Asks: 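Before anything else, here's the structure in question.
Fair warning: this is a prediction, and the values are worked out from it, not measured in the lab. Scope of the values below: all heavy atoms of this structure, side chains included, with no hydrogens, waters or symmetry mates.
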Amino acid sequence: RLDKILSRTLSMISSTENRPGANEAGRPENTSLWHFSNGQTCDTLTSAAADLNAHDVLIGGSRPEEQYRNALVLDDHTGIRERFEPLTKLLDQNHIIIITEKAHHGLDLHLFSRNNLYESIFSEYQQVTGPDLRYFSINGKRVSSERHFYFETWTLDRPPHGFQEVTPEARLR
């Protein structure tokens with residue numbers, strides 16, 4: 001089931017419908033679909049994601065303006081908050097941005113999009129959850145500490161305020 005969730009999410013993120021600069025096949029004209037901040041490109045998100053490391057930035061869509069792409073470089077001392085201007089410029093141009101960050105056990109992925117993807121992700125995940133796979137939607141504005149992200153270790157049956165378990169019966173509103 002986890003493979004199904006990941007492939008559905010990748011499919012939703014990779015969709016190029018209604019993106020400016022796309023041709024009839026849905027591909028940006030004369031460009032690769034995914035761009036790293038260092039200038040490398042990949043044709044698919046799957047191939048780009050296979051080699052992600054901490055602090056990598058993937059920019060989806062037509063070729064990003066070089067000045068903003070080059071400015072979106074992260075390291076151990078520079079996070080996305082320090083790169084807010086190039087991030088917003090790229091989002092204003094309908095790019096999807098995926099940023100990796102070191103986590104305690106691997107990498108965290110942060111997805112930025114001009115359009116809210118929450119409803120489509122919520123409904124897709126409703127279809128694959130069940131007794132052996134639980135999925136929680138988290139309102140980031142309600143998270144006051146990183147400890148909340150590990151709630152399953154101390155209160156799985158009573159998640160913190162702002163956390164909703166996605167079940168077939170769950171509703172957004």
Asks: Got a sec, which residues hit side-chain contact (heavy atoms from CB on, under 4.5 Å) with D92, two or more places apart in sequence or on another chain?
Replies: none
Asks: Just jot down the side-chain contact (heavy atoms from CB on, under 4.5 Å) partners of E66, sequence neighbours excluded, or say none.
Replies: R69, N70
Asks: Partners of Q126 by side-chain contact (heavy atoms from CB on, under 4.5 Å), sequence neighbours excluded?
Replies: F122, S123, V166, A170, R171
Asks: Kindly write out the residues that satisfy salt bridge (Lys or Arg N to Asp or Glu O under 4.0 Å) with R134, not counting sequence neighbours, or none if the list is empty.
Replies: E165
Asks: Which residues satisfy the side-chain hydrogen bond (donor to acceptor under 3.5 Å, both in side chains) test with E101, sequence neighbours excluded?
Replies: H110
Asks: Sequence neighbours excluded, which residues qualify as side-chain hydrogen bond (donor to acceptor under 3.5 Å, both in side chains) partners of S113?
Replies: none
Asks: Are T129 and P168 close enough that some pair of their side-chain heavy atoms sits under 4.5 Å apart?
Replies: yes
Asks: For E85, which residues count as a side-chain hydrogen bond (donor to acceptor under 3.5 Å, both in side chains) partner, sequence neighbours excluded?
Replies: none
Asks: Is there a donor-acceptor pair under 3.5 Å between the side chain of T100 and the backbone N or O of D56?
Replies: yes
Asks: Would you indicate whether the side-chain heavy atoms of L87 and L72 approach each other to under 4.5 Å?
Replies: yes
Asks: Any donor and acceptor pair, going by atom type alone, linking the side chain of R83 with main-chain N or O of A71 inside 3.5 Å?
Replies: yes
Asks: For the residue pair I98 and V57, establish whether any side-chain heavy-atom pair is separated by less than 4.5 Å.
Replies: no
Asks: Are any non-hydrogen side-chain atoms of I96 and L111 less than 4.5 angstrom apart?
Replies: yes
Asks: How close do S37 and V73 get, counting heavy atoms only, and between which atoms?
Replies: OG-CG2, 4.1 Å
Asks: So R63 and H35, do their side chains get closer than 4.5 Å, heavy atoms only?
Replies: yes
Asks: Run the salt bridge (Lys or Arg N to Asp or Glu O under 4.0 Å) test against D76 and tell me which residues pass, sequence neighbours left out.
Replies: K102
Asks: With sequence neighbours left out, write down each residue that passes side-chain hydrogen bond (donor to acceptor under 3.5 Å, both in side chains) with S137, or none if nothing qualifies.
Replies: Y118
Asks: Restricting to ring pair (Phe, Tyr, Trp, His ring centres under 6.0 Å), what partner residues turn up for F136, sequence neighbours left out?
Replies: F151
Asks: So does I59 get a backbone contact from the side chain of H95, meaning a donor-acceptor N/O pair under 3.5 Å?
Replies: no
Asks: Can you name the side-chain contact (heavy atoms from CB on, under 4.5 Å) partners of T88, sequence neighbours left out?
Replies: F84
